[in-house]
Each structure stands twice: as C-alpha cells, then as structure tokens.
Amino acid sequence: MKATGIVRRIDDLGRVVIPKEIRRTMRIREGDPLEIYTDREGEVIFKKYSPIGELMEFASEYAETLFKTCGMPVAVCDKDCVIACAGISKKEFVERKHSAEIEGIIEGRNLYIAPSSPEKRIFLTDENKNYFVSCAMPIFTEGDVIGCVASIGCTDGKYSLPASEIETKLIQTAASFLGRQLES
C-alpha cells in the first residue's frame with residue numbers, strides 16, 4: 001500500500017472526501033460503487049467495486065472455451081482493467097488497465113468492429129501494442145454497462161482482421177450471457 005500524504009477528516013455524517021487527484025488517477029467517477037475493506041491493524045481500504053469481478057472465474061472459463069473451440073483470442077474487461085483472457089498471455093494482460101479507447105467502447109454502449117486500416121487500431125492496453133481489438137461488445141446488466149468482451153487480433157498477422165460475422169455474433173453472445181449471469 002502506498003501513502004499519499006493526504007489527510008481528510010470525517011464529517012458529522014460519517015463522510016470522507018476522496019481528493020480529486022486520487023479520483024482522477026484511479027478513474028473513480030461520481031456514482032461509482034466502492035467496496036470497503038478493513039484489517040486488524042485498523043486500516044480502512046476503499047476499492048473500486050466491479051460487479052463483473054464476481055464472475056472472474058466464470059468469465060475466464062468462457063474466454064477459454066471460445067478460444068479452444070473457435071481459435072479466437074478473447075479478453076473480458078470491467079470498466080477499468082482486463083479481468084480474464086484466453087489465447088493471449090494472462091501474465092501480460094489480466095489485472096492491467098485497459099486502454100482509454102476500450103473505456104470509450106464501454107461508455108459508447110455499442111458494438112465495435114475494427115476498421116481494416118492498421119493506423120486506426122485500438123489496442124487492448126497502452127503498454128502492449130502487439131494486440132488490438134478486432135471486435136468488442138459492452139456487457140450490460142439491468143441497464144448498466146459494466147465492461148466488455150473483445151476478440152483480439154495480433155499485429156504479427158497470427159490473428160487478424162476483419163472480424164467475421166460469426167466472430168461478431170460470438171462476442172455479442174458472450175457479452176449478453178455474462179450480463180445475464182449477474183442479473184440472476
């Protein structure tokens with residue numbers, strides 16, 4: 001855990017203000033749910049709550065199945081990071097922040113299909129420019145968008161564009177299925 005040097009007092013209603021710099025850095029927006037953890041040494045830790053995080057193991061198995069049956073690399077993201085993937089290195093991607101463009105796809109609430117132009121590719125993360133998003137569909141649960149499922153292409157041509165109609169339908173199905181799992 002890293003100390004920020006910022007100290008805040010609790011008001012008479014029990015509220016604490018999280019400074020704007022921290023909210024911006026951690027991508028915490030108004031209305032975002034925070035999970036509260038405590039430990040025996042008296043620490044109170046706020047962590048961004050990810051509803052899809054509850055499905056991490058299930059999302060990982062779903063991604064593995066898509067990769068094994070279709071040979072299609074897949075990533076499942078919540079609003080901040082990659083939570084599961086198959087066909088690409090878990091070590092390089094899982095629990096890493098996804099790119100701002102992925103956030104745009106999630107917030108845009110629409111199916112994304114990559115253009116055929118390599119200059120316009122959207123990368124899964126900002127650190128790794130070898131893997132780009134071929135097709136992505138936001139995950140909805142009870143009307144809220146909570147993440148996305150994406151098929152992944154590779155710049156070395158191993159997995160490439162354009163996204164086929166079948167690939168698009170599989171990604172849409174995966175997103176819909178994961179969203180419904182959270183509703184039940």
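One-based numbering along the sequence shown.
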- Task: Kindly indicate, with the supporting measurements, whether the criterion side chain to side chain contact (heavy atoms under 4.5 Å, CB included) is fulfilled by Val74 and Phe67.
- Result: CA-CA 7 Å; Val74 176; Phe67 179 66; 5.6 Å; no
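- Looking at residues two or more places apart in sequence or on another chain, you find no side chain to side chain donor-acceptor pair (under 3.5 Å) involving Arg8.
- Residues satisfying the ring pair (Phe, Tyr, Trp, His ring centres under 6.0 Å) criterion with Phe177, sequence neighbours excluded, are Phe58, Tyr62.
- When every heavy atom of Cys77 is checked against every heavy atom of Val82, the shortest pair comes out as SG-CG2, 4.0 Å.
- Counting heavy-atom neighbours within 6.0 Å of Lys129 NZ, excluding the residue itself, gives a total above 12.
- Crowding of Glu107 atom CD: a count of heavy atoms from other residues, nucleotides or ligands under 6.0 Å exceeding 12.
- Once rounded to the nearest 0.5 Å, the distance linking CD1 of Ile122 with OG of Ser134 reads 11.0 Å.
- The backbone N or O of Arg29 sits nowhere less than 3.5 Å from a side-chain atom of Arg23 that would complete a donor-acceptor pair.
- Nearest approach of Arg96 to Glu92, heavy atoms of both residues: CG-O, 3.3 Å.
- There is a path of hydrophobic side-chain contacts, each under 4.5 Å, that joins Val44 to Leu34.
- Closest heavy-atom contact between Ala175 and Pro138: CB-O, 3.5 Å.
- In this structure, the separation between CG on Leu178 and OG1 on Thr141 is 10.5 Å, given to the nearest 0.5 Å.
- Looking at heavy atoms from C-beta onward, Glu57 lies in side-chain contact with Glu61 at the 4.5 angstrom threshold.
- Here the straight-line distance linking atom OG of Ser99 with atom CZ of Arg121 works out to 14.0 Å at 0.5 Å rounding.
- Side-chain contact between Ser176 and Thr173 is absent, with no heavy-atom pair separated by less than 4.5 Å.
- Qualifying side chain to side chain donor-acceptor pair (under 3.5 Å) partners for Glu21, counting only residues two or more places apart in sequence or in other chains: none.
- Taking hydrophobic clusters as Ile, Leu, Val, Met, Phe, Trp and Tyr residues chained together by side-chain heavy-atom distances below 4.5 Å, Tyr37 does not share a cluster with Ile10.
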- What do the steps show when you test Ile83 against Val94 for side chain to side chain contact (heavy atoms under 4.5 Å, CB included), and what is the final call? CA-CA 5 Å; Ile83 64 158; Val94 173; 5.9 Å; no
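- Salt bridge annotation for Lys97-Glu103: absent, with no cationic side-chain nitrogen under 4.0 angstrom from a carboxylate oxygen.
- Panel note: side chain Asn110, backbone Gly108; a donor-acceptor pair is recorded below 3.5 Å.
- Linking ILVMFWY side-chain heavy atoms closer than 4.5 Å, directly or via other members, places Ile166 and Ile113 in a single hydrophobic cluster.
- Dense packing is recorded around CD1 of Ile6, with more than 12 heavy atoms of other residues, nucleotides or ligands lying under 6.0 Å away.
- With a 4.5 Å cut-off on side-chain heavy atoms, Val133 and Tyr112 count as touching.
- For the side-chain hydrogen bond (donor to acceptor under 3.5 Å, both in side chains) condition, the pairs that include at least one residue of residues 144-154, sequence neighbours left out, are Ser151-Glu167.
- Ile139 places a side-chain heavy atom less than 4.5 Å from the side chain of Val149.
- Closest approach of Ile105 to Ala136, counting heavy atoms only: CG2-CB, 4.0 Å.
- Looking only at side-chain heavy atoms (C-beta outward), Met137 and Ile171 come within less than 4.5 Å of each other.
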- Task: Go through the steps to decide whether Leu124 and Phe93 satisfy the test side chain to side chain contact (heavy atoms under 4.5 Å, CB included), and finish with yes or no.
- Result: CA-CA 8 Å; Leu124 187 56; Phe93 292 102; 3.6 Å; yes
- Working for side chain to side chain contact (heavy atoms under 4.5 Å, CB included), residues Leu170 and Met72: CA-CA 10 Å; Leu170 285 169; Met72 179 175 61; 4.0 Å; yes
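- Side-chain contact between Thr38 and Ile45 is absent, with no heavy-atom pair separated by less than 4.5 Å.
- Between Thr168 and Gln172 there is a side-chain heavy-atom pair separated by less than 4.5 Å.
- Atom CZ in Phe46 sits 11.5 Å away from atom CD in Glu35 (nearest 0.5 Å).
- Leu13 belongs to no hydrophobic cluster with other residues, because no ILVMFWY side-chain heavy atom falls under 4.5 Å from its own, directly or through intermediates.
- Separation of atoms CD1 (Ile28) and NZ (Lys79) is listed at 12.5 Å; rounding is to 0.5 Å.
- Legend: residues meeting side chain to side chain donor-acceptor pair (under 3.5 Å) with Lys90, ordered by chain and number and at least two apart, are Glu64.
- Of the inter-residue distances, the one linking Cys85 atom SG with Lys91 atom NZ reads 13.0 Å to the nearest 0.5 angstrom.
- Of all heavy-atom pairs between Asp80 and Asp78, the closest is N-OD1, 2.8 Å.
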